[in-house]
Amino acid sequence: MISTQAWADAQRLWDFQQMGHEPRPCSVAIGLGSHDLGVADTTVDLYERGMMPLIVFTGATSRTTRERMPRGEAEHYRERAIELGVPADAILVEPQARNTGENIRFSRALLEDRGVSVSSVLLVSKPYEERRACATARKLWPEVEWVSASTPMTLAEYVDSIRDAHLVIDMLVGAQQRLMVYPHQGFMIEQAMPQDVAAAYERLRTEGFTSRLLADNVKRA
């Protein structure tokens, strides 16, 4: 059983990890590869709303996507977007990135190689990774303006979609730890941490929501 306090703490982390940006027209969208095809669906929705003329899907495979997405996360996202009606020539695929930093660096290199002028980017991620992705992007590509986006959903809806409440809270705690650790390792910009969020994180760690925490010697974003 997950306690009422743990659910309240998870909600604090969920709220903090989303940026609350209002989508607006940008030069390009970058959809960050993961296990979640909802990122592709949300990127398509933004494209259909006229928010950008071009999409970059970025991501290789990982331990969690190797079987579900054997052709690579970005390629499966591309296929999904085309299935939903996006023209193939409006999509670029970056198939090598294996972490968020590489997602940003490799996407930037691809766009520069194609001669695409970029002043603003719609950065599409899973809901609980908005802040981490945006902080990483602003560190690695500070010259452009970043607008965060994800599938609009509540914590309860996300738990229902994953069907594993404990895992979702583990992921929230892991994402929060990265926001605290990665700035000191040069992976992202520093984040101001509200006291209630820090307290919620510590309580959840103490209660054992720790499967997605980093080892001390982590070397990547």
Worksheet entry | Pairwise distance CG(D41) to CG(L37) - rounded to 0.5 angstrom | 6.5 Å

Fill in: Whether T210 side chain and L213 backbone form a donor-acceptor pair below 3.5 Å
no

Practice prompt. Mark yes when over 12 heavy atoms from residues, nucleotides or ligands other than R138 sit less than 6.0 Å from its CZ; otherwise mark no.
Written response: no

Worksheet item: Quick one: do V159 and I169 end up in the same hydrophobic cluster if we chain Ile, Leu, Val, Met, Phe, Trp and Tyr together by side-chain heavy atoms under 4.5 Å apart?
Response: yes

Item to complete: Please lay out, stage by stage, how L214 and Y182 fare under the test side chain to side chain contact (heavy atoms under 4.5 Å, CB included).
Response: CA-CA 10 Å; L214 297 165; Y182 281 168; 3.7 Å; yes

Discussion item. How long is the straight-line distance from CG of N103 back to OG of S34, given to the nearest 0.5 Å?
Written reply: 9.5 Å

Practice prompt. Please confirm whether the backbone N or O of A199 pairs with a side-chain atom of E202, one donor and one acceptor, at under 3.5 Å?
Written response: no

Worksheet, complete the sentence: The complete set of ring-ring contact (aromatic ring centres under 6.0 Å, His included) pairs with one or both residues in residues 113-168, sequence neighbours excluded, reads W14-Y158, Y128-Y158, W141-W146, H166-F209

Practice prompt. Look at the side-chain heavy atoms of Ile, Leu, Val, Met, Phe, Trp and Tyr, link any pair under 4.5 Å apart, and say whether M52 and L54 land in one connected group.
Written response: no

Worksheet item: Is there a donor-acceptor contact under 3.5 Å from the side chain of H21 to the main chain of V147?
Response: no

Worksheet item: Heavy atoms, side chains only, cut-off 4.5 Å: are S107 and F57 in contact?
Response: no

Discussion item. Using only atom types and a distance under 3.5 Å, with no angle test, would you say the side chain of T65 pairs donor to acceptor with the backbone of T61?
Written reply: no

Fill in: D9/R203 salt bridge by N-O under 4.0 Å criterion
yes

Under 3.5 Å, side-chain donor or acceptor atoms of residues 110-125 against the rest of the protein: list the pairs with distances, not counting sequence neighbours.
{"from": "E112", "atom 1": "OE2", "to": "R108", "atom 2": "NE", "distance (Å)": "3.0"}
{"from": "S119", "atom 1": "OG", "to": "S27", "atom 2": "OG", "distance (Å)": "3.3"}
{"from": "S120", "atom 1": "OG", "to": "S27", "atom 2": "N", "distance (Å)": "3.2"}

Fill in: Check against side chain to side chain contact (heavy atoms under 4.5 Å, CB included), Y77 and T43
CA-CA 9 Å; Y77 278 19; T43 306; over 6 Å; no

Worksheet item: Going only through I, L, V, M, F, W and Y residues with side-chain contacts under 4.5 Å, is there a path from V144 to I30?
Response: yes

Worksheet item: R12 side chain to D196 main-chain N or O, any donor-acceptor pair under 3.5 Å?
Response: no

Fill in: V28 side chain near I55 side chain, heavy-atom distance below 4.5 Å
no

Worksheet item: What do the steps show when you test T100 against R132 for side chain to side chain contact (heavy atoms under 4.5 Å, CB included), and what is the final call?
Response: CA-CA 9 Å; T100 308; R132 172 189 170 191; 3.5 Å; yes

Worksheet item: Atom CD in Q5, atom CG in L204: separation rounded to 0.5 Å?
Response: 8.5 Å

Fill in: side chain to side chain contact (heavy atoms under 4.5 Å, CB included) assessment of M188 paired with L179
CA-CA 8 Å; M188 63 174 62; L179 289 173; 4.0 Å; yes

Discussion item. Contact between M51 and C26 at the side-chain level, heavy atoms closer than 4.5 Å - yes or no?
Written reply: no

Worksheet item: Hey, is the main chain of R98 close enough, under 3.5 Å, to the side chain of E102 for a donor-acceptor pair?
Response: yes

Discussion item. Would you say that more than 12 heavy atoms from the other residues, nucleotides or ligands in this model lie under 6.0 Å from the CD of E143, or not?
Written reply: yes

Worksheet item: Can you tell me how far the CD1 atom of I91 sits from the CD atom of E75, to the nearest 0.5 Å?
Response: 9.5 Å

Discussion item. With a 4.5 Å cut-off on side-chain heavy atoms, are M171 and E129 touching?
Written reply: no

Worksheet item: How many angstroms lie between CG in D36 and OG in S161, if you round to the nearest 0.5 Å?
Response: 6.5 Å

Worksheet, complete the sentence: Heavy atoms of A165 and I2 approach each other most closely as CB-CD1, 3.7 Å

Worksheet entry | Residue pair P53 / A90: nearest heavy atoms and the distance that separates them | O-CB, 3.9 Å

Worksheet entry | Exercise: identify the closest heavy-atom pair between Y201 and V173 | CE1-O, 3.5 Å

Worksheet item: Using a distance-only test with no angle check, is there a side-chain donor-acceptor pair under 3.5 angstrom linking Q17 and Q176?
Response: yes

Worksheet entry | Donor + acceptor pair across side chains of R131, Q191 (<3.5 Å) | yes

Item to complete: Indicate the atoms forming the closest heavy-atom contact of E130 with A149, along with that distance.
Response: OE2-C, 3.7 Å

Item to complete: Can you see which heavy atom on T151 is nearest to which on T42, and at what distance?
Response: OG1-OG1, 2.6 Å

Practice prompt. Please examine the side chains of E73 and H35, heavy atoms only from C-beta on, and report whether any two atoms are closer than 4.5 Å.
Written response: no

Worksheet item: Under 3.5 Å, side chain of E94 to main-chain N/O of Q96, donor-acceptor pair present?
Response: yes

Worksheet item: Rounded to the nearest 0.5 Å, what separation is found between the OG atom of S150 and the NZ atom of K126?
Response: 10.5 Å

Worksheet item: With the 4.5 Å side-chain cut-off for hydrophobic clustering, are V93 and I104 part of the same group?
Response: no

Worksheet item: Quick one: do I189 and M180 end up in the same hydrophobic cluster if we chain Ile, Leu, Val, Met, Phe, Trp and Tyr together by side-chain heavy atoms under 4.5 Å apart?
Response: no

Item to complete: Locate the shortest heavy-atom distance separating L172 from A10; write the atom from each residue and the value.
Response: CD1-O, 3.7 Å

